[in-house]
There are 2 protein chains.
Amino acid sequence: MLSKKTKYALHALTYLGKHRENKTVLIQDIAEEHGISHKFLENILLELRKAGYLGSKKGKGGGYYLIKEPKDIPLSRVIRLLDGPIALLPCVSLNYYEPCAECKDESHCGINKVMAQVRDETLKILENKTLQDILEGE
Amino acid sequence: MLSKKTKYALHALTYLGKHRENKTVLIQDIAEEHGISHKFLENILLELRKAGYLGSKKGKGGGYYLIKEPKDIPLSRVIRLLDGPIALLPCVSLNYYEPCAECKDESHCGINKVMAQVRDETLKILENKTLQDILEGE
DNA sequence: TATTTACCCTATAAAAAACATAGGGAATAT
DNA sequence: ATATTCCCTATGTTTTTTATAGGGTAAATA
């Protein structure tokens, strides 16, 4: 399951995607819309900004805004950013690889091989679904 | 990512799948083979037995053994049993459904719709990969 | 039938991760 | 100047995961 962090990030991106004509959106507005803690959401938006999905403006009239096209924001990226690996095991993670302690020989591990296939197929799904798909479903 | 519980369960099932000619296998043997805590593994095997994947025999000469065909043990089942939902959000889980607190109207939520699609496609993958596939990769 | 073996079951504790809050700092509009 | 709003780091709380403990029960064997 996704963490609340990732779930809230998706809600925030969706909200920002729906308000692209406005210049900026306040953290507070998104937080209130979904009943999320302001401060918790703030940390999430910060991460999204650092990752290049959002822009921000300080001071009165400031706020956040989307700087990427919704079609260029795949679920895979958002999940990786906030939740970490998409692979089901560390030993098959492309971005967060770690060997499994209980596995003596990765190259002869059937679990490893199958999980690598699962990873590839799962990635295909999550790379093809984007914020755009979410917005179209609203 | 899968919990260690699920990962160990897969190792145990694999071990039992590779030793089907022997009548039974000791918890201890599996635990030692993979450097897993005996007691932790015991709880996992217990769950697998209750779920109908394993049989057991008490007393001297006892132990565990596989009672299903490897091809009839899909990853989806093992994951659901030990880790819970396969869906990425509670609001699209088939077996562990819960509404999302921050979502006012599920039927008009784009995240919900996309995640339901992701769930369906992910399930296809995990239902088609079985213990048999793991055994063939060893 | 006594003894040993090995699974059965529940409870509890330790560690890690997730979730949330706090509070002052820096930039900007008015 | 001042109010507004994001920026950033640190810390606390809760939940989940991981692991351990210890006695109970059934079966084989002698």
Side-chain angles (χ1 to χ4, degrees), chain A residues 1-9 11-12 16 22-32 34-51 53-67 79 81-85 88-90 96 98 100-102, chain B residues 1-9 11-12 16 22-32 34-51 53-67 79 81-85 88-90 96 98 100-102:
Chain A
M1 300 266 273
L2 298 179
S3 68
K4 290 196 177 179
K5 229 171 160 180
T6 302
K7 190 164 57 158
Y8 292 166
H11 279 296
L16 289 163
N22 311 9
K23 284 196 189 118
T24 62
V25 170
L26 298 184
I27 295 177
Q28 193 57 35
D29 292 346
I30 306 174
E32 276 175 9
H34 294 101
I36 305 171
S37 144
H38 176 117
K39 280 297 196 177
F40 192 38
L41 185 59
E42 188 171 355
N43 288 324
I44 295 166
L45 293 180
L46 202 57
E47 283 196 71
L48 289 170
R49 183 185 62 79
K50 285 182 181 165
Y53 298 108
L54 306 183
S56 63
K57 237 180 122 177
K58 288 181 180 175
K60 193 166 191 176
Y64 281 98
Y65 50 94
L66 209 56
I67 56 177
I79 294 173
L81 179 66
L82 295 151
D83 259 13
L88 293 180
L89 294 180
Y96 302 83
E98 272 183 60
C100 289
E102 79 285 358
Chain B
M1 299 266 275
L2 298 179
S3 68
K4 289 196 177 178
K5 228 169 160 179
T6 301
K7 191 166 54 160
Y8 293 164
H11 279 296
L16 288 164
N22 312 10
K23 285 198 190 117
T24 62
V25 170
L26 298 183
I27 295 177
Q28 195 56 34
D29 291 347
I30 306 174
E32 275 174 9
H34 294 100
I36 304 172
S37 146
H38 175 117
K39 281 295 195 176
F40 192 39
L41 184 59
E42 189 172 355
N43 288 323
I44 295 167
L45 294 179
L46 201 57
E47 284 196 71
L48 288 169
R49 183 186 60 78
K50 285 182 180 167
Y53 298 109
L54 306 182
S56 65
K57 238 178 122 176
K58 289 182 180 177
K60 193 165 190 178
Y64 281 98
Y65 51 93
L66 208 55
I67 56 177
I79 294 174
L81 180 66
L82 295 152
D83 258 13
L88 293 179
L89 294 181
Y96 301 84
E98 270 183 60
C100 289
E102 79 284 359

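Just so it is clear, the values below take in all heavy atoms, side chains as well, and ignore hydrogens, waters and symmetry mates.
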Whole angstrom value for the distance that separates P of dT5(D) from CD1 of Ile30(A): 13 Å
Leu16(B) vs Ile30(B) side-chain heavy atoms within contact, under 4.5 Å: yes
Show me the donor-acceptor pairs within less than 3.5 Å that the side chains of residues 38-51 of chain B make with the rest of the protein, sequence neighbours left out.
unit_1	atom_1	unit_2	atom_2	d
His38(B)	ND1	Gln28(B)	OE1	2.3
Glu47(B)	OE2	Lys5(B)	NZ	3.2

Euclidean distance, atom CG of residue Asp29(B) to atom C1' of dC7(C) [Å, nearest integer]: 14 Å
Separation of atom OH in Tyr65(B) from atom P in dA6(C), rounded to whole Å: 16 Å
Contact summary for Thr24(A) and Gly62(A), nearest pair of heavy atoms: OG1-O, 2.9 Å
Phosphate OP1/OP2 of dT5(D): any Ser56(A) side-chain N/O under 4.0 Å: no
dC8(C) OP1/OP2 closer than 4.0 Å to side-chain N/O of Tyr64(B): yes
Base versus backbone protein contacts along nucleotides 8-21 of chain D [heavy-atom cut-off under 4.0 Å; B, S, -]: BB--------SBBB
pair Leu54(B)-Leu66(B): side-chain heavy atoms closer than 4.5 Å: yes
Sugar-phosphate, base or nothing in reach of Leu26(A), heavy atoms under 4.0 Å: sugar-phosphate
Rounded interatomic separation in angstrom, taking CG from Leu54(A) and C1' from dT5(D): 15 Å
Nearest-Å distance for atom pair CD/C1', residues Glu102(B) and dA20(C): 15 Å
Heavy-atom check, side chain of Leu88(A) versus side chain of Ile79(B), under 4.5 Å: yes
Protein-nucleotides 25-30 of chain D N/O pairs under 3.5 Å:
unit_1	atom_1	unit_2	atom_2	d
dA26(D)	O4'	Lys58(B)	NZ	3.1

Sugar-phosphate only, base, or nothing, as touched by Leu45(A) at under 4.0 Å among non-hydrogen atoms: nothing
Check: Tyr8(B) and His34(B) side chains under 4.5 Å, non-hydrogen atoms: no
Distance (rounded to the nearest 0.5 Å) between His11(A) NE2 and Cys100(B) SG: 6.0 Å
For atom CE of Met1(B) and atom P of dA16(C), their distance in whole Å: 16 Å
Close side-chain approach of Pro85(B) to Pro90(B), heavy-atom, < 4.5 Å: no
Shortest non-hydrogen contact from Leu26(A) toward Gly63(A): CD2-CA, 4.5 Å
